[in-house]
Amino acid sequence: HAPLLICAKTLSGTVLFVNRRFELLDPQAPATWVGKRVFELFPPDAAVAMANQDQEVARTGTPQHNELQLKHIDGTWHTYQKVKFPLVNEDGHAFGVASIALDITERLDADKQRRDLQEKMTETQRLESLGVLAGGIAHDLNNLLVPVLNNSYLLRTSAWDAESVSDLAEQIETGA
């Protein structure tokens, strides 16, 4: 009843044990899997890769960790974190391999959602900063344009002597 995929095989690839969790992959498991070879249960390329990995684990005695994608009977794909390790007899010789796999799909989805949210927050902060900067620039420009507009209005609407016109024109040039 463990929420893990648990499997044990001989070095020749004959399945010794699979737990009930394998029903997610095949409704006939575990009853029809025990006693069968991996070449009868999986496509040839997957079975060869599995057999090679099993031999490597048995030869080195070193557990191997990897992620794999498995399709459940409901058609959904799930990501599993798997560890494969040797099964040894009392003499210390490997007679098979076992693997335990944990479904990490929900965790990966949550991590992706968290990264997406962080990216959106970063983008929002960036746009907010740009808005503040644009507002500051607009305020500075407005401060420069007000005297230009006022002086040009005064120049247009009033009768001035040449010196006053010259002063207003100079203020307009300075503002511009």
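All heavy atoms count here, side chains included; hydrogens, waters and symmetry mates do not.
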Atom CD of Gln69: over 12 foreign heavy atoms under 6.0 Å: yes

Using the rule that two of Ile, Leu, Val, Met, Phe, Trp, Tyr join whenever any of their side-chain heavy atoms come within less than 4.5 Å, decide whether Val88 and Leu11 are in one cluster. no

Check: Glu56/Gln64 side-chain N/O donor and acceptor closer than 3.5 Å: no

Candidate list Leu5, Leu4, Leu68, Ile104, test side chain to side chain contact (heavy atoms under 4.5 Å, CB included), partner Lys82, passing option: Leu68

In this structure, CG of Leu127 is separated from CD of Glu123 (nearest 0.5 Å) by 4.5 Å

Rounded distance [0.5 Å steps], CD in Glu106 versus CG in Leu108: 10.5 Å

Looking only at non-hydrogen atoms, find the nearest pair between Pro63 and Val83 and report the distance. CB-CG2, 4.1 Å

Compare every heavy atom of Asp103 with every heavy atom of Thr79, then report the nearest pair and how far apart it is. O-OD1, 3.3 Å

Under a 4.0 Å N-O cut-off, is there an ion pair linking Lys112 with Asp109? no

Can you tell me how far the CH2 atom of Trp33 sits from the NZ atom of Lys9, to the nearest 0.5 Å? 9.5 Å

Taking C-beta and beyond as the side chain, do Lys84 and Asp54 meet within less than 4.5 Å on heavy atoms? yes

Is there side-chain contact between Pro30 and Glu23, with heavy atoms separated by less than 4.5 Å? yes

Can you tell me how far the CD atom of Glu119 sits from the CE atom of Met121, to the nearest 0.5 Å? 12.0 Å

What's the separation between atom CZ in Phe42 and atom CZ in Arg37, rounded to the nearest 0.5 Å? 13.0 Å

Residue pair Pro86 / Ala58: nearest heavy atoms and the distance that separates them: CB-CA, 4.4 Å

Determine, using the 4.5 Å side-chain heavy-atom cutoff (strictly less than), whether Leu25 and Met50 are members of one ILVMFWY cluster. yes

Hydrophobic cluster identity match, Val57 and Ile100, side-chain contacts under 4.5 Å: no

Can you name the nearest heavy-atom pair linking Leu87 to Ala98, along with the distance? CD2-CB, 3.7 Å

Please evaluate residues Asp26 and Leu41 with respect to the criterion side-chain contact (heavy atoms from CB on, under 4.5 Å), reporting the C-alpha separation (whole Å), side-chain torsions for both, the decisive distance (0.1 Å), and the verdict. CA-CA 10 Å; Asp26 178 356; Leu41 298 169; 5.6 Å; no

Give me the atom names and distance for the closest heavy-atom approach of Phe22 to Ile6. CE1-O, 3.2 Å

Please say whether more than 12 non-hydrogen atoms of neighbouring residues, nucleotides or ligands are located less than 6.0 Å from CD in Glu128. no

CH2-OG1 distance between Trp77 and Thr105, expressed to the nearest 0.5 angstrom: 11.5 Å

Give the ring-plane orientation class for His78 versus His72, where under 30° counts as parallel, over 60° as perpendicular and anything between as tilted. parallel

Is it possible for you to say whether Leu24 and Val15 belong to one hydrophobic cluster, with membership spreading through side-chain heavy-atom contacts below 4.5 Å? yes

Would a single hydrophobic cluster contain both Val38 and Tyr80, if residues Ile, Leu, Val, Met, Phe, Trp and Tyr are joined by side-chain heavy-atom contacts under 4.5 Å? yes

Short side-chain to backbone donor-acceptor contact, Gln55 and Asn52, under 3.5 Å: no

